[in-house]
Amino acid sequence: MAENTVAEDRLEVIRHSMAHVMAEAVLEMFPDAQIAIGPAIENGFYYDFDLPRPLQTEDLDEITDRMKNIISRDKTFERRVISRAEAARLFAGQKYKLELLEAIPEGEEVSTYNQGGFTDLCRGPHVKSTKELNKDAFKLLSIAGAYWRGKESNPMLTRIYGTAWSSPKELRLYLDHLEDIKKRDHRKLGQELDLFSLHEEAGPGLVYWHPRGARVRMAIEDFWRSEHCKNGYEMVFTPHVGKSWLWETSGHLGFYKESMYPPMEMDSSDYYAKPMNCPFHIMIYQNSKHSYKDLPLRWCELGTVYRYEKAGSLHGLMRVRGFTQDDAHLFCTPEQMDGEITEVLRFSLYMLRSFGFTEIRAYLSTRPEKSVGEQERWDAATEALKRAIENEGLAYEVDEGGGAFYGPKIDLKIKDAIGREWQLSTVQFDFNLPERFKLVFTDRDGVEKRPYMIHRALLGSIERFFGVLLEHYAGSFPPWLSPEQIRIVPVAENFFDYAKAVESRLRKEGFRVSCDLSNDRMNAKIRASQMMKNPYTLILGEKEQQADAVSVRYRGGKQVNGVPTADFIAEVHKAIESKAQV
RNA sequence: GCCAAAGUGGCUCAGGGGCAGAGCAGCUCACUCGUAAUGAGCAGGUCCUCGGUUCGAAUCCGAGCUUUGGCUCCA
């Protein structure tokens, strides 16, 4: 865990205190409200209530006004240590508070904080007085539902989220940041840049890639394929559906049935859309006997899977019901495991960095209580993962007991251009499937042994990865990924022929290029190209035609006129080759 | 799945118990233009769906679907 700075600690205290002030304001409005918990969180705070009626957005204004009023009363936050019995009396009728009280371990101090009109069961700490809170440095952001103690079986409470800072300026910066996030929203950009769409009438959570989006996807996939070939992988292709035998054997029907699309009955068998590719790769493995000499096997597939994600959790491209995993399965001997893991991690980092992600953190998850597999194998695998991370000099955290039931794993998270973390790569050992499918290889001593099976995805899902890329670049893809690398704008109709000739020349270079032959004026065409965030817009007229040249307008607005066409071609090749942003 | 809000033309949105609106995009015509929107005209809607209330519903009520913000979940 990173250590908090003094300033962060201070903000946390402010936010926590702000939550108390909000609770007081809400109780002023609804004296019968039940109050639950209200912690400080990243950038702000929330408080959960059980209210007599649903809250409207307009209610937030009134709560805000009341909070400002409470802050300006300059009330001291008074801490008291009280007995359990007294606490129980104090919070009589507050069922959630009483439940929290009971959960405090025997022997631990029970404390309350009071800032005038409101007393909360709370460990603290808080600011000394409400005057330390800045009434112009907070904002209530949203109303949401949240289960009491985060458990689905518990009642749903009303949660109010707010953000709080030590000065109005910090608040403004944060609100600007939120605006920035909105501008980068991949759903909005996907619409504006004509990249993809979702159609409720055709099925929620299923993605339609438009031609412009498909060009980016092809660039991603072409790169992915060629790098996999260079790195010792073989491509495989497997079906999209499989009979129930497969899913019974793999255990998916036992554990994850509710997340699978329901079966299609055919020839008195049930067929299921695949939620994972692993069992199919295993079928290929099982097709022949394997010697230790065949291993390691590295089989990759851009495999499209379907999962019945709950309706409420669908989100643009980030959480969908049909998506393509950039999947691979490695089968290896115990001796090969170390080398394979090291190589997978190195390859992952190389791929992520190629797409422009430079800040990468690793998360190592170890054996959970409920799990399968020999302890020896878990230990060996976990150690191999740890060594690989350390070998790469990566910053990492260990999530003890956070692994899947079938094996330990490394997840890689990247930081995007505005500091948000996204999980992309995952490298997981699997001690379950080799057992269930009884995978073996014949070792040099003639004995059949269980191979190690490693499951890995570098980008995660192509859909989600595309969404992350889109937000990271705010739609301004570097040329190698750009759906339209070059757009040609002829100054007037007289130069359409020259424009078309340049277009055809550029297309032969392999560039994604188009020519705007509409009868709009030149200015409108330039604007249209800029709006599509194309890296290069070429303006062609009399001067260019005379000189076999192009005038380049870069995405940022920079202009270079009269560049010889051959020079421009070389420049674009270089930019694509380097994968750099322009 | 749960809590809340929303759903009006391809897009962004206004309106709102009594004739369905705008801008952009599209189409047509004119303009042939030198670095972020030329002008005019035309076309385009089951106001999410199904029920109910009403003389009359896009508008009010109910249910469903979908989306959004969260919660839960994410092999």
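These numbers come from the heavy atoms of this one structure, side chains and all, not from hydrogens, waters or symmetry mates. Just so we're on the same page: letters track the sequence lines, and every chain starts at 1.
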Do Glu400(A) and Thr366(A) have side-chain atoms, one donor and one acceptor, less than 3.5 Å apart?
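On atom types as modelled, these side chains qualify, holding a pair under 3.5 Å.
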RNA chain B-proximal residues of residues 251-261 of chain A, any heavy atom under 4.0 Å
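Those residues are His252(A), Tyr256(A), Ser259(A).
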With a 3.5 Å cut-off and heavy atoms only, can you find an N or O donor on one side and an acceptor on the other between the side chain of Arg149(A) and the base of C71(B)?
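No, the side chain and the base share no sub-3.5 Å donor-acceptor pair.
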Pick the nucleotide of RNA chain B nearest each of Glu152(A) and Arg321(A); which residue has the one closer to the 5' end?
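The 5'-side residue here is Arg321(A).
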Starting at [atom1] of [X] and ending at [atom2] of [N], how long is that distance when rounded to a whole Å?
X: Leu51(A); N: G70(B); atom1: CG; atom2: P; result: 19 Å
X: Lys151(A); N: G70(B); atom1: NZ; atom2: C1'; result: 20 Å
X: Glu309(A); N: U66(B); atom1: CD; atom2: P; result: 15 Å
X: Arg212(A); N: G10(B); atom1: CZ; atom2: P; result: 21 Å
X: Leu140(A); N: G70(B); atom1: CG; atom2: P; result: 16 Å
X: Tyr208(A); N: G10(B); atom1: OH; atom2: C1'; result: 17 Å
X: Gln191(A); N: C24(B); atom1: CD; atom2: C1'; result: 12 Å
X: Arg159(A); N: U72(B); atom1: CZ; atom2: C1'; result: 11 Å

Which part of the nucleic acid, if any, lies within reach of Leu314(A) when heavy atoms closer than 4.0 Å are counted: base, sugar-phosphate only, or nothing?
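Since only primed, P, OP1 and OP2 atoms lie under 4.0 Å of Leu314(A), the category is sugar-phosphate.
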Looking at every strand, decide which applies to Phe405(A) at a 4.0 Å heavy-atom threshold: base, sugar-phosphate, or nothing.
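The residue Phe405(A) makes no contact with any strand.
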Kindly give the atom pairs (protein nitrogen or oxygen, nucleotide nitrogen or oxygen) under 3.5 Å for nucleotides 2-7 of chain B.
residue	atom	partner	partner atom	Å
C2(B)	O4'	Tyr147(A)	OH	3.3
C3(B)	O2	Gly145(A)	N	3.1

Which nucleotides of nucleotides 33-43 of chain B have their base under 4.0 Å from a protein heavy atom (B), which only their sugar-phosphate (S), and which neither (-), written as one string 5' to 3'?
BBBBBB-----
Residues forming a side-chain contact (heavy atoms from CB on, under 4.5 Å) with Arg367(A), sequence neighbours excluded:
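Partners of Arg367(A) under the side-chain contact (heavy atoms from CB on, under 4.5 Å) test: Ser371(A), Gln375(A), Trp378(A).
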Looking at residues at least two apart in the chain, or sitting in another chain, which of them share a side-chain contact (heavy atoms from CB on, under 4.5 Å) with Ala25(A)?
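Ala25(A): side-chain contact (heavy atoms from CB on, under 4.5 Å) contacts with Ile63(A), Arg66(A), Met67(A), Ile70(A).
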I'd like the P distance from U68(B) over to U32(B), given in whole Å.
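Result for the P pair: 48 Å, nearest Å.
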Let's test this: given Watson-Crick or G-U wobble pairing with both distances under 3.5 Å, identify the partner of [N].
N: C11(B); answer: G23(B)
N: C2(B); answer: G70(B)
N: C31(B); answer: none

The criterion is salt bridge (charged side-chain N to carboxylate O under 4.0 Å, His left out); which residues satisfy it with Glu374(A), sequence neighbours excluded?
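Counting only residues at least two positions away or on another chain, Glu374(A) forms no salt bridge (charged side-chain N to carboxylate O under 4.0 Å, His left out).
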Phosphate contact (A75(B) OP1 or OP2) by His455(A) side-chain N/O below 4.0 Å:
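Result: no.
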Side-chain N or O of Arg187(A) closer than 4.0 Å to phosphate OP1/OP2 of G69(B):
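True: Arg187(A) side-chain N/O within range (under 4.0 Å) of G69(B) OP1/OP2.
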Pair Lys500(A) + Glu503(A): basic N to acidic O under 4.0 Å:
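Result for this pair is no, no salt bridge flagged.
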Before accepting this row, confirm whether a basic side-chain N of the pair Glu179(A)/Lys183(A) lies closer than 4.0 Å to the acidic partner's carboxylate O.
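Not counted as a salt bridge, because no side-chain N and carboxylate O are separated by less than 4.0 Å.
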Within the supplied structure, the quantity of interest is the number of heavy atoms (other residues, nucleotides, ligands) at a distance under 6.0 Å from Glu42(A) CD; does it exceed 12?
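Open: at most 12 neighbouring heavy atoms sit under 6.0 Å from CD of Glu42(A).
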Mind checking whether Tyr536(A) and Phe568(A) have parallel, tilted or perpendicular rings, split at 30° and 60°?
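Plane angle over 60°, so perpendicular.
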What pair of heavy atoms forms the shortest contact from Met156(A) to Ala146(A), and how long is it?
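For Met156(A) and Ala146(A), the tightest heavy-atom pair comes out as SD-N, 3.2 Å.
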